[in-house]
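Written out below as structure tokens is the structure these notes cover.
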There are 2 protein chains.
Amino acid sequence: MAKRKQKDIKLTVDLFKIFSDYTRLRIIALLITGEFCVQEISDHLKTSQSATSHQLRMLRDLNVVKTRKEGKLVYYSLLDHHIKELYLIGYSHANEC
Amino acid sequence: MAKRKQKDIKLTVDLFKIFSDYTRLRIIALLITGEFCVQEISDHLKTSQSATSHQLRMLRDLNVVKTRKEGKLVYYSLLDHHIKELYLIGYSHANEC
DNA sequence: TTATAATATGAGTCAATGCTCATATGTCAC
DNA sequence: GTGACATATGAGCATTGACTCATATTATAA
């Protein structure tokens, strides 16, 4: 296999990995509907503050989400339109279009 | 979050997980181009026979691929058109459309 | 039947990863 | 300043997952 193709496939794997965890995918599904602070996300997912924050950190490092500070609160929202599109396509494929 | 939605998201996670391993994704990328036996796949990926076979087993259990026996050889091919479509979309998103 | 080739599989190992727990940091109100 | 709240983060732990190694199975050929 050509080196070029290998690298492209690695990038593709990395993209799909973003979506391959239940907590992360629920965060993404929620952020598609708008901007939310950590508490709201954590409450909505019924996941601990810490676990939520760790995943948000990861999504931020991966340039999937961006943040906006407002006092004590930190609001998260989707950064990349690819994420929303791929999520919706994957969702519809998984649930029989 | 509604139970229904939770289940749908779990299904979506499971779908994305199929694509979230380098070896598996290369197998899928290859099988998009046709039908191949284990040896051919293993050679092409430069991955051991055993590792290849384990991943093929997994893909088979997940109904991603089907097999056809011809003497000693077992030919694998894609079973589900969703897989090809989602792979190609993910690939193009990952590599900047 | 025996040998050889192709594939499958079980056990064990190791690395990756997502969690919890405790604590740190940051911001506001008093 | 102190206290209360929101968020972040590091360490440790448990689980998952992909690999290797050895061996089993299956099929053909001699």
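Side-chain atoms are counted along with the backbone in the values below, which use heavy atoms only and exclude waters and symmetry mates. Chain naming here is simple, since letters A, B, ... match the order of the sequence lines and numbering starts at 1 in each.
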Just the rounded figure in Å: distance from [atom2] of [N] to [atom1] of [X].
X: Arg57(B); N: dT25(D); atom1: CZ; atom2: P; value: 15 Å
X: Phe16(B); N: dG17(D); atom1: CZ; atom2: P; value: 17 Å
X: Met58(B); N: dT9(C); atom1: CE; atom2: P; value: 13 Å
X: Asp21(A); N: dT15(D); atom1: CG; atom2: P; value: 16 Å
X: Gln55(B); N: dT7(C); atom1: CD; atom2: C1'; value: 15 Å
X: Leu25(A); N: dG18(C); atom1: CG; atom2: P; value: 12 Å
X: Lys17(B); N: dG18(C); atom1: NZ; atom2: P; value: 9 Å

Query - Any donor-acceptor N/O pair, Thr33(A) side chain to Ala29(A) backbone, under 3.5 Å - result: no
Requested in this report: Please confirm whether the backbone N or O of Ser50(A) pairs with a side-chain atom of Ser53(A), one donor and one acceptor, at under 3.5 Å?
Outcome: no
**Report entry** Residue-level proximity of residues 60-77 of chain B to DNA chain D when a heavy atom falls under 4.0 Å
**Finding:** Lys69(B), Gly71(B), Lys72(B)
Report task. Pull out every residue in residues 36-50 of chain A that has a heavy atom closer than 4.0 Å to any atom of DNA chain D, ordered by number, or say none. Result -> Cys37(A), Val38(A), Gln39(A), Gln49(A), Ser50(A)
Query raised in the report: Ring of His54(B) versus six-membered ring of dC19(D): centres under 5.5 Å and planes under 30°?
Result: no
**Report entry** Side-chain N or O of Thr23(A) closer than 4.0 Å to phosphate OP1/OP2 of dC19(C)
**Finding:** yes
Query raised in the report: Does a side-chain N or O from Arg24(A) land closer than 4.0 Å to OP1 or OP2 of dT17(C), or not?
Result: no
**Report entry** Minimal non-hydrogen separation, Leu78(B) against Ile28(B), with atom names
**Finding:** CD1-O, 4.4 Å
Report task. Would you kindly say whether Ser77(A) and Arg68(A) are connected by a side-chain donor-acceptor distance under 3.5 Å? Result -> no
Query raised in the report: Is the closest basic N to carboxylate O distance between Asp14(A) and Lys10(A) below 4.0 Å?
Result: no
Report task. Please tell me if the side chains of Val65(B) and Leu31(B) come closer than 4.5 Å, counting only heavy atoms from C-beta onward. Result -> yes
